[in-house]
Amino acid sequence: MKLNKSRWADFSLLLVALVWGSTFVIVKWAIEDLPPFPFLAIRFALAFISLLPFLWFQKTHISTKELLKGVPLGVFLFSGYAWQTVGLQYTTASNAGFITGLSIVIVPTLVTITTRKLPRPSLLLGILSALVGLALLSLGDHFQLNKGDLMVLVCALSFALHIFFVGRYAPQTNATVLASVQILTVSILSGIFSLILPQPTIHFTSTAWLALLVTAVPATSLAFFVQTKMQQFTTSTHTALIFSMEPVFSAVTAFFLAGEVFTLKGLTGAGLVLGGMLIAEFTGSGNEIPSK
């Protein structure tokens, strides 16, 4: 039963990575018309509204304890999306995907520090393969970082902290409540920053509305509910490794929608990322269930 739950969790998280990866180009287009913080405020507000009917049926699970877990997760999430969305203005969708994927290294580091146990050798091999693949997939020939890349690096750290703490809280917390509190926190913080920071002119174009609708439900409310629920059945490190497929999906989407070049080096990198995930999946390390 645990094995089946673990496999189902891995598949569900892979679908989340697919949805997130496919939105990089759409968000990059949208923030040309709608500044990052207003975009995030509206996106997460719409996502929270979409969860309200489900939250109503889970209202008995709402408590101060749940709020104290959800709000910090929302802060990490806000930091990740804020730095990523702003950074996308100064770098390519593929580079943003690669640097965001560095959480596959940060998460196991956090786990090792807190548990004082190294990941299994097969998982370390999978992480190394994915990391090399991410570099080949997205970095340019000179491997130089620009201002946007450094912003997205802060995003990677924030997302790593989010994955790590979801893994700690999810087994004891109602998934609907935890996801809703996180999403509402991001919306509120984004709204505050929209008011206190100077904003360019806002244009609610058809592209902006399309991006808001696409990202609000499948890429936000549904995705974070699935992540919160499924991390009950797999480890934080394995979740981060599965999410390393996000930049692969991002690069594929950028190739078809934005004309970004998908070279032989990029294809090799994508294969290494996929190989790294499969190494971890089918050598037993992916089937470790987090303790409750």
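Just the heavy atoms: all of them, side chains too, but no hydrogens, waters or symmetry mates, feed the values below. Counting begins at 1 with the first residue of the sequence.
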Go through the side-chain N and O atoms of T234 and S6 and say whether any donor and acceptor fall under 3.5 Å apart. no
A side-chain contact here means heavy atoms from C-beta on lying under 4.5 Å apart; do I127 and T237 qualify? yes
Test ring pair (Phe, Tyr, Trp, His ring centres under 6.0 Å) applied to F78 and F193, F44, W83, the passing residue: F193
Heavy-atom count check: over 12 atoms from other residues, nucleotides or ligands less than 6.0 Å from K59 NZ? yes
Residue set satisfying side chain to side chain contact (heavy atoms under 4.5 Å, CB included) with A45, at least two apart, ordered chain then number -> S187
Say whether L14 and L278 are linked into one hydrophobic cluster, either directly or through other cluster members, by side-chain heavy-atom distances under 4.5 angstrom. yes
Kindly say whether I26 contributes a backbone atom to a donor-acceptor pair with the side chain of T23 at under 3.5 angstrom? no
If we ignore hydrogens and angles and just use 3.5 Å, is the side chain of S244 paired with the main-chain N or O of L241 as donor and acceptor? yes
For K229, what residues pass the side-chain hydrogen bond (donor to acceptor under 3.5 Å, both in side chains) criterion, not counting sequence neighbours? none
The side-chain hydrogen bond (donor to acceptor under 3.5 Å, both in side chains) partners of S194 (sequence neighbours excluded) come to none
Indicate every side-chain donor-acceptor pair of residues 156-168 with a distance under 3.5 Å to a residue at least two apart or in another chain.
{"residue": "S158", "atom": "OG", "partner": "S79", "partner atom": "OG", "Å": "2.7"}
{"residue": "S158", "atom": "OG", "partner": "V154", "partner atom": "O", "Å": "3.1"}
{"residue": "H162", "atom": "NE2", "partner": "Q182", "partner atom": "OE1", "Å": "2.5"}

When clusters are formed from ILVMFWY side-chain contacts under 4.5 Å, directly or step by step, what else is grouped with W56? F57
I need the minimum non-hydrogen distance between W29 and T207, along with the two atoms involved. CB-CG2, 3.9 Å
Of the non-hydrogen atoms in L46 and A216, which two are nearest, and what is the gap between them? CB-CB, 3.7 Å
Distance in Å, F224 CZ paired with S180 OG, rounded so as to fall on 0.5 Å steps: 12.5 Å
Hey, could you give me each pair passing ring pair (Phe, Tyr, Trp, His ring centres under 6.0 Å) that has a residue in residues 111-131? Not counting sequence neighbours. none
Please check if the distance between the ring centroids of W8 and F233 is under 6.0 Å. no
Quick check, are the ring centers of W20 and F243 under 6.0 angstrom apart? yes
